[in-house]
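Just so we're on the same page: letters track the sequence lines, and every chain starts at 1.
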Amino acid sequence: MKHQRILFQHFLHLAFRRMVKQPTYALINIIGLSAGIMIFLLIFTYLLREYNYDRAWTDHRKIYRINATLAFNGREDQFALSSYNIAQSMKTEFPEIEAATLIFRTNFSDDRVGITVWHEDRMFEMPSFTYADQDFFRVFDYPFVEGDPLTALKEPRSLVITTDIARTIFANEPALGKLLKINKNTFMVTGVIDKSRHDSHLEFDALASLSTYQAADFERFRSDWFWLVGSTYVKFNSIEAAENFGSKLEWLTTETIQPWIKEVSVDGSIKLSHEAVAHIHFNNSLQYDSSTNSNKQIVNLFGYIAIFLLLIAAINYMNLSTARSMKRAREIGIRKVAGARREQLIVQFLGESMLLTLAAFVIALSLAELSLPYFNDLIGLDLSLSAIFFSGSAGPLAILIATMLSLGLLSGLFPAFVLSSFSPVNVLRAGFSMNNKSQLSLGNLRKVLVVLQFAISIGMIISTFIVAGQLSYLQSNTKGIDTDQVMVIHFPADSALMANKEVIRQQLLEQPEVRQVSASQSLPGYRSGRLMFFVGDTVKPVVHTMNIFMVDHRFFDLLNIKLLAGRTFSKDYPNDATTAFVINKAAADYLGYPDPMSVEMNCGLGVQGKIIGVVENFNYTSLHNPIEPLVFILNEKRAAFMAVKVQSRDISGVIANISGIWMDFDQKHFFHYTFLDQRFARQYRHEQSMLSLFGYFSLMVILISCLGLYGLSAFSLEQRTREIGIRKVLGSSPKAILLLLTKSFMLLVLIAGLLALPVVYFLMDEWLAGFAFHVDMKPLWFAGGLLLAILIALVTVLIQAIRALRSNPVDAIKYE
Amino acid sequence: MIRSEKLTKIFRTDEVETTALNQVSFEIRKGEFVAIMGPSGCGKSTLLNILGLLDNPSGGSYYFLDQEVSKSTERQRANLRKQNIGFVFQNFNLIDELTVFENVELPLIYLGMPTRDRKKRVDEVLEQMQIAHRSKHFPLQLSGGQQQRVAVARAVIAKPALILADEPTGNLDSAHGEEVMNLLNNLNIAGTTIIMVTHSQRDAEYSQRVIRLFDGQIINENIKKSII
């Protein structure tokens, strides 16, 4: 044991000195490894977050959401929602359910416009707000800072807020019992919860008691099994009960729901399913699901990138160590002569790589801490490295330690075995050079590893180009509408503005820069509602569900939407609001009538009449999805937005003018506006952050690879110093020598490129297939990526080659 | 101390088979100073490697301290080596990254000697080799003669019974060469057995016996001094 300690001290001491004495070599390794580890730490934190959504609840395996699938006319839609009656059935019909709760669809969950909250005479803003019944906290056990979870949502006009909101409004004072005015209701704060420790798909900053609704409202909710008011969550009393619940849902459907459907004679059906709460985050197949949901493929992709980066850094270490093996061969021989056993040498070399990995880890940790805010900015999250170290479970830390150990081992193992195998008889001879065979095989291995590195680098560069291409396609392609210079002002629901809408409109139009103003309930780029339509024969109509836009008659003109047949809504026809529908081309195709203009329709919003016009398809959700059937109805009584088409170079001046006018009419809300094109771009924020990350990571990958190439070419040139000298003496031109020196490296990069191209093509083709609209991959992107990598590699090698070329041939020849 | 019987060493590459040692038999007693001479490629260094337990012979027997070792494992040889044999090379073979002190200390580390004892022993030997003032320097900061003195210091540090020297003066000018030979001679007088491969007749003068090799065979053994 004591012997081991003596050896360990000796090696540690020596390893440090080696780092100091050969800084280039140590720097290349440390920079490469710490960059790799830094990215790994960031991505690891991100993966931990993504994979732990909705897993912090007590017994999260017993918590499920009930999802409804509606089918009309062979068209199925899966929703993350269910109806009021479904929630009530869960509460009463099944003994295996311990608790069930209904939470309404979160208002503004996608738009993040902000809801104005009044406390006494002060105005605040809160991102989102919704209603839930009193059992909510029996299913989701958020820790209560103030109040009682069992009674908090019992009484009408009760409100539970998060600690963040409580701090904003009440600072450090207790919030319990305080009054808050939201829209027309005054709520009393009955609880303050800490949401910070539960990453969840649930989105709300305040929860009001469902009992705030009037008896008449509940009467309406109860009347319709198809009306998907919100999400129902249940907590089972055992995991087995949860797993076997499918048949019970079927029973509910056949025994209760289907008879009702028959009774109201609707040609449709409901299917129910239950989904584990921890499964929700990566499920993107449901409509109206949480906006925090992620794409598992993309999340995993970043995991692969992290591993690639570590691999590339480890390859640098392996390559540089084996390239330097010539230099260290003598040391190994001497140590063996002095009595070192092979195991001791293996331990020494592994110790060196471990030490270097440790040093790199310490640096990487500080770098990761420093860069985390920027990373958070890019991906729109608030990650913290403490998730790895203080997560409360040993898992993440164990993974981290295992990864670092593997990295150290992976880097050091191969050099350790190669170097320790040298025989002292060979290496201690005066004119020693490694025998051709082992040198050749080591050299070949290095080549293979360099090819691997550059294949990854080139693959990432090309992928970045493709993601960029697709993104710019998405952002520039709004298909069929003119979103340019359209300012969107958000209309608060309870506002006095509504009454003054026409006056405001006139005042806005008086501005010389304002071309058109339209107030509507719906706009492209925002979520649309969906409604059941009874189409055709009034005696036996066919039920269709289609998306709906509630607009005014200026909507089509403002967005420059092309009319294909008939007319749009007009002031000349005063009954349009109750008797007319306009549909898009997709709806016309979907309904399938040879002449849609003659078709009668009827919908629940009190509109019954004919289709009066068909407009060209335009893209109103993101281009991830194909353009779906859409029905417009005229409704000037409700508006969520005022769209203002402007024409001006001085946009900020226009904004100031418009906000001035707005404020004259409303001092009770914050003034919120955006531009329609920006709003459209926002739909691609996942892609945007993916692009930025891809860009940064590819940069990192190519830099680390080149760092390795730089070191490797240095050693290769050192070995060829004599050859270069002889060639120079024999009169070779500098150009010929440069060509000779760079050729072999460039060949490797080229091979890497040829390997990478098909793989990238295949993978990115798959990614693009996830979009209903996408660009075709351009050969230029592939050629460009390859060329860029070759160029960067060439510069790296040339720096070394030129240095070698400048040396005096006489020194070189004497070199032995 | 050392006895070889019909030692044979054959090197094989893909196409060629070379017999480096051909049935070499001899004996070296404790306290002897023996020089091995012969032209380049005659097998001198091969013989020295086998005697120094760096390599195993292809055939024949080798008795080291009355123990047959010709078929021993690398681990066994390493153990015998570190306790009994010191090496001096023509090109010094010092580790550039280690100081003089650390180079000399190396064998003691592998013997597991505690730090304090190590320091005392290294200081002693450096003093003895008259290189103590350079103990914190690195090999490349020293002259060739100084480097070889360090190498000799390293060879004797573990108090080996046998020192093997492979052309110890080959890279030195005559003045420094003589210095090194005197060191070896003094060690021999103090009781250490020395086997030295050399091209130099002058160096061979220091030895008591010369073994001449030619094409892997002993062609002549002459004893110049009587052994007590």
Within this structure, what is the [atom1]-[atom2] distance for the pair [X] and [Y], rounded to the nearest 0.5 Å?
X	Y	atom1	atom2	result
B:Ile109	A:Gln344	CD1	CD	10.5 Å
A:Arg335	B:Leu98	CZ	CG	6.0 Å
B:Tyr110	A:His10	OH	NE2	5.5 Å

Salt-bridged, A:Glu343 to B:Arg75, with N to O below 4.0 Å? yes
In terms of heavy-atom proximity below 4.5 Å to chain A, should [X] be classed as side chain, backbone, both, or neither?
X	result
B:Arg77	neither
B:Glu167	neither
B:Leu94	backbone

Within a radius of less than 6.0 Å around CG of B:Asp66, do more than 12 heavy atoms belonging to other residues, nucleotides or ligands occur? no
Other residues, nucleotides and ligands only: do more than 12 of their heavy atoms fall within 6.0 Å of CD on B:Glu68?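 It does: B:Glu68 CD has more than 12 such atoms within range.
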Identify the heavy atoms of A:Arg17 and B:Glu97 that sit nearest to each other, and give their distance.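 Smallest heavy-atom distance, with atoms named: NH1-O, 2.7 Å.
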Smallest separation among heavy atoms of B:Asn91 and A:Arg330, with atom names: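 Taking B:Asn91 first and A:Arg330 second, the nearest heavy atoms are O-NH1, 4.2 Å.
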What residue, out of B:Thr46, B:Asn79, B:Leu48, B:Leu106, has the most heavy-atom pairs lying under 4.5 Å from chain A? B:Leu106
Go through B:Glu74, B:Arg81, B:Glu105 and name the one with the most non-hydrogen pairs under 4.5 angstrom from chain A.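 Option with the top pair count is B:Arg81.
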Do the side chains of B:Arg154 and A:Ile334 get nearer than 4.5 Å, heavy atoms only?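 When only atoms from C-beta onward are counted, B:Arg154 and A:Ile334 do touch, with a gap below 4.5 Å.
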